[in-house]
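Residue numbering restarts at 1 for every chain, and letters A, B, ... go by the order of the sequence lines. No hydrogens, no waters, no symmetry mates; every other heavy atom, side chains included, goes into these values.
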Protein chains: 2
Amino acid sequence: MNIGEAAKLSGVPPKTIRYYESVGLIREASRKTSGYRDYEPKDIEVLRFVVRARSLGFSLKDVCNLLALWNDTHRSSADVKRLAMERIGDIDERIAQLESMRATLSLLVAECHGDERSTCPILDGLSGNPAPHDCRGDEIKENSHGQVHC
Amino acid sequence: MNIGEAAKLSGVPPKTIRYYESVGLIREASRKTSGYRDYEPKDIEVLRFVVRARSLGFSLKDVCNLLALWNDTHRSSADVKRLAMERIGDIDERIAQLESMRATLSLLVAECHGDERSTCPILDGLSGNPAPHDCRGDEIKENSHGQVHC
DNA sequence: CTTGACCTTCCAGTGACTGGAACCCTTATG
DNA sequence: CATAAGGGTTCCAGTCACTGGAAGGTCAAG
């Protein structure tokens with residue numbers, strides 16, 4: 001089957017499938033005489049494995065390890081469990097971080113009346129002191145890098 | 001003051017300060033005769049504002065907007081409040097996503113005995129069906145892009 | 001005078017894609 | 001048979017927010 005159908009069946013866009021192949025996550029697909037990649041059902045299962053692991057937050061490197069373990073009938077499940085538990089640790093850390101951000105933002109938002117007046121507890125909170133400022137970031141010029149638009 | 005001291009006082013690394021300047025987030029620093037950038041206390045406050053906003057998860061674009069609002073003495077606090085509330089929405093979404101990942105991973109980990117046996121409920125869960133597989137990702141070759149190492 | 005710490009610019013790489021250009025293959029229709 | 005639509009192919013560039021490194025200029029101390 002063509003890459004487009006493989007994409008539909010697996011949920012991985014064609015570009016991404018090619019990308020996964022290019023970085024060696026999945027093996028090179030066989031080709032038809034036309035040069036088109038040709039996929040079989042088992043390739044779809046690999047892609048589905050990848051998409052599930054990615055949706056659980058595993059990095060491509062992790063997924064690569066998981067695929068190797070999946071393919072290794074002699075592997076021990078302990079390795080897999082370790083990877084999964086590391087992931088849970090990362091997730092817990094990230095959640096804690098986000099909750100701390102959320103709490104701070106909520107506090108600031110609660111203090112802000114949100115009307116047309118120019119005093120703003122949120123900006124004051126961000127500035128770290130209550131005095132207003134007049135340093136302007138005007139005259140933004142062209143630059144080699146992409147500009148931050150605002 | 002030199003960029004190094006500005007970095008220490010603000011908590012933003014020299015490289016990052018130059019980067020912020022290059023993308024137009026902060027204005028171009030004045031220069032000494034040597035060509036070195038020269039910072040004043042008010043620049044440090046801008047950098048501290050940026051670092052606080054970044055730590056709350058605002059993107060550089062958001063920070064750019066916040067700086068503009070901060071500098072605009074005629075602005076309304078409603079704009080700031082809106083930005084902050086959007087951020088809270090994003091954070092809530094991300095937290096929900098992470099908690100769903102966490103729950104799935106916890107389930108899988110709980111089912112996995114994590115010993116030397118080769119059956120692994122985590123891999124089975126990722127594969128979406130309980131049958132074992134033999135598709136090997138061998139013969140990973142050199143490539144123009146960076147390879148995923150495993 | 002030399003050392004070492006600091007500064008300068010510029011280019012490249014990160015992760016995990018995604019968009020686009022320029023071109024080839026297949027199939028259906030006028 | 002020409003052609004147009006809708007696949008596919010490759011390669012290059014861009015995203016975000018930095019970060020590392022090379023190659024070189026400046027400065028203060030010993």
Side-chain angles (χ1 to χ4, degrees), chain A residues 1-26 28-39 43 47 50-67 87 90 94 97 143-150, chain B residues 1-26 28-39 43 47 50-67 87 90 94 97 143-150:
Chain A
M1 91 188 69
N2 284 347
I3 200 170
E5 201 178 345
K8 259 174 229 153
L9 292 177
S10 65
V12 183
K15 279 242 155 186
T16 307
I17 297 177
R18 288 190 205 103
Y19 170 74
Y20 284 166
E21 185 185 301
S22 83
V23 297
L25 183 70
I26 57 180
E28 289 185 35
S30 54
R31 303 290 182 127
K32 297 178 183 171
T33 48
S34 61
Y36 286 14
R37 284 174 183 80
D38 193 11
Y39 296 93
D43 298 316
L47 286 168
V50 172
V51 95
R52 284 201 192 88
R54 291 286 301 131
S55 77
L56 288 174
F58 287 98
S59 69
L60 282 197
K61 200 173 154 186
D62 284 340
V63 175
C64 196
N65 281 312
L66 287 170
L67 278 172
R87 264 284 63 218
D90 294 348
R94 188 84 187 105
Q97 208 175 29
N143 207 302
S144 61
H145 283 279
Q147 292 290 128
V148 176
H149 334 282
C150 74
Chain B
M1 89 188 70
N2 284 347
I3 199 170
E5 201 178 344
K8 258 175 230 153
L9 293 177
S10 66
V12 183
K15 278 242 154 189
T16 307
I17 296 177
R18 287 189 205 104
Y19 170 74
Y20 284 164
E21 185 185 301
S22 84
V23 296
L25 184 71
I26 57 178
E28 290 185 35
S30 53
R31 303 291 182 127
K32 298 179 185 171
T33 48
S34 61
Y36 286 15
R37 284 174 182 81
D38 193 11
Y39 295 93
D43 298 316
L47 286 169
V50 172
V51 95
R52 285 202 191 88
R54 290 285 304 132
S55 77
L56 288 173
F58 287 98
S59 70
L60 282 197
K61 200 173 154 184
D62 285 340
V63 175
C64 197
N65 281 312
L66 287 170
L67 278 172
R87 265 283 63 218
D90 294 347
R94 188 80 189 110
Q97 210 175 28
N143 207 303
S144 60
H145 283 280
Q147 293 289 128
V148 176
H149 332 282
C150 73

>> Base contacts versus sugar-phosphate-only contacts with protein, heavy atoms under 4.0 Å: please encode nucleotides 20-25 of chain C as B, S and - from 5' to 3'.
In response: B----B
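- Rounded to an integer number of Å, the gap from B/K61 NZ to D/dC18 P is 16 Å.
- When the local axes at the two ends of the helix from C/dC1-D/dG30 to C/dG30-D/dC1 are compared, using 5 base pairs at each end, they differ in direction by 30° after rounding to 10°.
- Distance B/K32 NZ to D/dG25 C1': 14 Å, rounded to the nearest Å.
- Rounded to whole Å, the distance from OH on B/Y20 to C1' on D/dC18 is 8 Å.
- Every residue was checked against the side chain to side chain donor-acceptor pair (under 3.5 Å) condition with A/E5, not counting sequence neighbours, and none meets it.
- Separating the NZ atom in A/K61 from the CG atom in A/N65 is a distance of 7.5 Å, to the nearest 0.5 Å.
- We find that CZ of B/R18 is positioned 13 Å from P of D/dT19, with the value rounded to whole Å.
- Counting heavy atoms from C-beta on, the side chains of A/D43 and A/I26 never come closer than 4.5 Å.
- OP1 and OP2 of D/dC16 both lie 4.0 Å or more from every side-chain N or O belonging to B/R54.
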Between the protein and nucleotides 28-30 of chain D, list every N/O to N/O distance that falls short of 3.5 Å.
none

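- Interatomic distance, CD of A/E21 versus CD1 of A/I3, reported as 7.5 Å (0.5 Å rounding).
- Looking at heavy atoms from C-beta onward, B/L67 lies out of side-chain contact with B/C64 at the 4.5 angstrom threshold.
- Rounded to whole angstrom, the span from the CG atom of B/D62 across to the C1' atom of D/dA17 amounts to 13 Å.
- Closest approach of B/S10 and B/I17 over heavy atoms only: OG-CD1, 4.4 Å.
- Minimum heavy-atom separation, B/R52 to B/S55: O-OG, 2.8 Å.
- Side chain of B/D38 to main chain of B/M1: a donor-acceptor pair is present (N/O by atom type, distance under 3.5 Å, no hydrogens or angles).
- Shown here are the side-chain contact (heavy atoms from CB on, under 4.5 Å) partners of B/Y36, two or more places apart in sequence or in another chain: B/N2, B/K32, B/S34.
- Using a 4.5 Å cut-off on side-chain heavy atoms (C-beta onward), A/Y39 and A/L9 make no contact.
- Between B/R37 and the phosphate of C/dC7, there is no side-chain N or O to OP1/OP2 separation shorter than 4.0 Å.
- Comparing D/dC18, C/dA16, D/dG8 by their nearest atom to the side chain of A/I3 picks out D/dG8.
- In this structure, A/E21 atom CD and D/dC11 atom P are separated by 12 Å, rounded to whole Å.
- If you take CZ of A/R31 and P of D/dG8, they are 12 Å apart, rounded to a whole angstrom.
- At whole-Å resolution of the value, CZ in B/F58 and P in D/dC16 are 17 Å apart.
- Looking at heavy atoms from C-beta onward, B/L25 lies in side-chain contact with B/V50 at the 4.5 angstrom threshold.
- Applying the side chain to side chain donor-acceptor pair (under 3.5 Å) rule to A/R18 yields no partners; only residues at least two apart in sequence or on another chain are considered.
- Between A/S59 and A/T33, the residue anchored closer to the 5' end of DNA chain C is A/S59, taking for each the nucleotide with the nearest heavy atom.
- Between B/Y19 and D/dC16 there is no side-chain N or O to OP1 or OP2 distance below 4.0 Å.
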